[in-house]
Amino acid sequence: MIARHGGERPPILFLHGVFGRPALLRPWLDYFERAGFDCVAPALPGRDPVDHAVLRRTGIRDCVDVALAAYDDLGEDAIVIGHSMGGLIGQRVAAARDCRALVLLASIPPGVLWPQLRPLPHLFPVLPAVLAGRSFLPSERTMRAVPLSTLTRAEQEQIVPQLVPDSGRIFRAMTLGLPSVRVDAAAVTCPVLCVSAGADRNVAPWISARIAARYRAEHQRHPGLPHWIIAESAVPRVAPPVLRWLRETLQLPEQPDGAM
């Protein structure tokens, strides 16, 4: 998914998260396209279209390779914005390339993803798939209760049918903090913004705070929002501070009409 407008602003590489695909980033793509940015959102392996065989053999490194290829295709230093697992992959991209800036939205950490107590009952049914490295998609009940927890019922009903299976191999790596999820913090030299959701049942607030400290990043917190901080209903609340940070940090020009 690519939108190109040209101009003085660097392009943005958007990276989707677990159970996601580029179409679910559409509210964010629309927002930043209106602000004058060229936006690119590649599909990570096996997710769009869904391919269970690909998902079974896909690991974090495969996703990083796709992200790096998409970044290099831009032909210039770019901004990277990643949600959830996309934030983890974004950290790997920023460690390997001279990014203009990195924005982490409810990002998975570059280490062990410690589970929280409340969603633990929803973890047990998917453990066999995770341990075996199979592709899997949690139940609708789990999706509503965990990543989409505080969204309205109506918005949950719009999002759930768009979610796709993910890789048990990747979940296993993130849960155990395997070497494939590690990132050399010293290699990330661009400005970093950490954006976290106060009601996140996937990434605990203390983990988000630790990620921000790791990169000496500004940390924008949004109480009441769930892990699915990219929801369309959250865009008016979450995206404008991100845009302001990018403009101030990178000294970008305002839109001529001052609309955004």
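These figures come from a predicted structure and were not determined experimentally.
- Taking 4.5 Å as the limit, every side-chain heavy atom of Val146 sits out of range of all side-chain heavy atoms of Leu148.
- The line from CD1 of Ile81 to CD1 of Ile230 is 11.5 Å long, rounded to the nearest 0.5 Å.
- For the pair Val160 and Met143, the tightest heavy-atom approach, listed with the atom from each and the gap, is CG2-CB, 4.5 Å.
- Remark: Leu88 CG to Leu15 CG distance equals 10.5 Å, nearest 0.5 Å.
- Nearest heavy atom pair, residue Pro27 against residue Val235, reads CB-CG2, 3.7 Å.
- In this structure, the separation between CD on Gln116 and CD1 on Ile207 is 7.0 Å, given to the nearest 0.5 Å.
- To the nearest 0.5 Å, the span separating CG on Leu193 from CG on Leu246 amounts to 7.5 Å.
- Under a 4.0 Å N-O distance rule, the pair Arg61/Asp65 does not qualify as a salt bridge.
- Atom CG of Asn202 and atom OG of Ser107 lie 12.0 Å apart (nearest 0.5 Å).
- For Leu120, the CG atom counts as densely surrounded, since its 6.0 Å shell holds more than 12 non-hydrogen atoms of other residues, nucleotides or ligands.
- Look at Arg97 and Asp72 and you find a salt bridge, because one of the NZ, NE, NH1 or NH2 atoms lies within 4.0 Å of a carboxylate O, short of that distance.
- Between the Glu76 side chain and the Pro10 main chain, no donor and acceptor come within less than 3.5 Å of each other.
- Under the 3.5 Å distance criterion, the side-chain polar atoms of Arg21 are left unmatched by any main-chain donor or acceptor of Leu163.
- The backbone N or O of Pro138 sits nowhere less than 3.5 Å from a side-chain atom of Thr142 that would complete a donor-acceptor pair.
- Defined by atom type and a distance below 3.5 Å, a donor-acceptor pair is missing between the side-chain atoms of His222 and Ser196.
- Between the CZ atom in Arg34 and the CG atom in Leu29 there is a gap of 10.5 Å [rounded to 0.5 Å].
- A salt bridge between Glu157 and Arg153 is present, with a side-chain N of the basic residue lying under 4.0 Å from a carboxylate O of the acidic one.
- The nearest pair of heavy atoms linking Val203 to Ala106 is CG2-O, 4.0 Å.
- Ion pair Arg26/Glu33 flagged as a salt bridge, since at least one NZ, NE, NH1 or NH2 atom sits closer than 4.0 Å to an Asp/Glu carboxylate oxygen.
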Determine, step by step, whether Val181 and Ile108 satisfy the side chain to side chain contact (heavy atoms under 4.5 Å, CB included) criterion, reporting the C-alpha distance in whole Å, the side-chain angles of both residues, the deciding distance to 0.1 Å, and the verdict.
-> CA-CA 9 Å; Val181 308; Ile108 300 295; over 6 Å; no
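- Hydrophobic clustering of Ile, Leu, Val, Met, Phe, Trp and Tyr side chains at less than 4.5 Å, counting indirect connections, keeps Leu131 apart from Val18.
- A distance-only check finds a donor-acceptor pair linking the side chain of Ser167 to the backbone of Thr58 [under 3.5 Å].
- Here the side chains of Val164 and Leu137 are not in contact, with every heavy-atom distance at 4.5 Å or above.
- Residues Leu127 and Leu55 do not share a hydrophobic cluster, clusters being chains of Ile/Leu/Val/Met/Phe/Trp/Tyr side chains in contact below 4.5 Å.
- The distance between the ring centers of Phe14 and Phe37 does not fall below 6.0 angstrom.
- A donor-acceptor pair under 3.5 Å is formed between the side chain of Gln220 and the backbone N or O of Pro241.
- In this structure, Val64 and Val66 have side chains that are not in contact, with every pair of non-hydrogen atoms separated by 4.5 Å or more.
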Please step through side chain to side chain contact (heavy atoms under 4.5 Å, CB included) for the pair Arg47 and His16, ending with a clear verdict.
-> CA-CA 10 Å; Arg47 293 159 177 83; His16 69 75; 3.5 Å; yes
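- No donor-acceptor pair closer than 3.5 Å links the side chain of Arg214 to the backbone N or O of Pro110.
- A 4.5 Å side-chain heavy-atom check between Cys63 and Ile170 finds at least one atom pair inside the cut-off.
- Cluster annotation: Leu178 and Val130 are assigned to distinct hydrophobic clusters (Ile/Leu/Val/Met/Phe/Trp/Tyr, side-chain heavy-atom contacts under 4.5 Å, transitive).
- Side-chain contact between Phe136 and Pro165 is absent, with no heavy atoms from C-beta onward closer than 4.5 Å.
- Across all non-hydrogen atoms, the minimal contact from His227 to Ser84 is NE2-OG, 2.8 Å.
- Taking the side chain as every heavy atom from C-beta outward, Arg100 and Val80 never approach each other to under 4.5 Å.
- In this structure, Arg237 places its CZ atom where more than 12 heavy-atom neighbours from other residues, nucleotides or ligands lie under 6.0 Å away.
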Check against side chain to side chain contact (heavy atoms under 4.5 Å, CB included), Ser233 and Leu151 = CA-CA 8 Å; Ser233 64; Leu151 301 180; 4.0 Å; yes
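- Here the side chain of Arg56 pairs no donor or acceptor atom with the backbone of Arg169 at under 3.5 angstrom.
- Under a 3.5 Å cut-off, the side chain of Gln251 and the backbone N or O of Arg247 do not form any donor-acceptor pair.
- In this structure, the side chains of Arg92 and Ile60 come closer than 4.5 Å at one or more pairs of heavy atoms.
- The main-chain N or O of Cys194 is never found under 3.5 Å from a side-chain atom of Glu218 such that the two would form a donor-acceptor pair.
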Side chain to side chain contact (heavy atoms under 4.5 Å, CB included) assessment of Val183 paired with Tyr215 | CA-CA 11 Å; Val183 180; Tyr215 298 114; 3.6 Å; yes
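- Judged by distance alone, with hydrogens and angles left aside, the side-chain atoms of Tyr71 form a donor-acceptor pair with the main-chain N or O of Ala78 at under 3.5 Å.
- Here the closest heavy-atom approach between residue Pro109 and residue Val112 is recorded as CG-O, 3.6 Å.
- Note on ring orientation: taking the six-membered ring where Trp is involved, the planes of His83 and Trp228 are perpendicular (angle over 60°, cut-offs 30° and 60°).
- When the side chains of ILVMFWY residues are joined at heavy-atom separations under 4.5 Å, either directly or via intervening members, Leu104 and Leu68 end up in a single hydrophobic cluster.
- Heavy-atom contacts from other residues, nucleotides or ligands closer than 6.0 Å to CD of Glu155 number more than 12.
- If you chain together hydrophobic residues whose side chains sit under 4.5 Å apart, Leu123 and Trp114 fall into the same group.
- No donor-acceptor contact under 3.5 angstrom links the side chains of His219 and Ser208, judged on distance only.
- Counting heavy atoms from C-beta on, the side chains of Ile79 and Leu250 come closer than 4.5 Å.
- Heavy-atom minimum distance, Asp62 versus Arg57: OD2-O, 3.7 Å.
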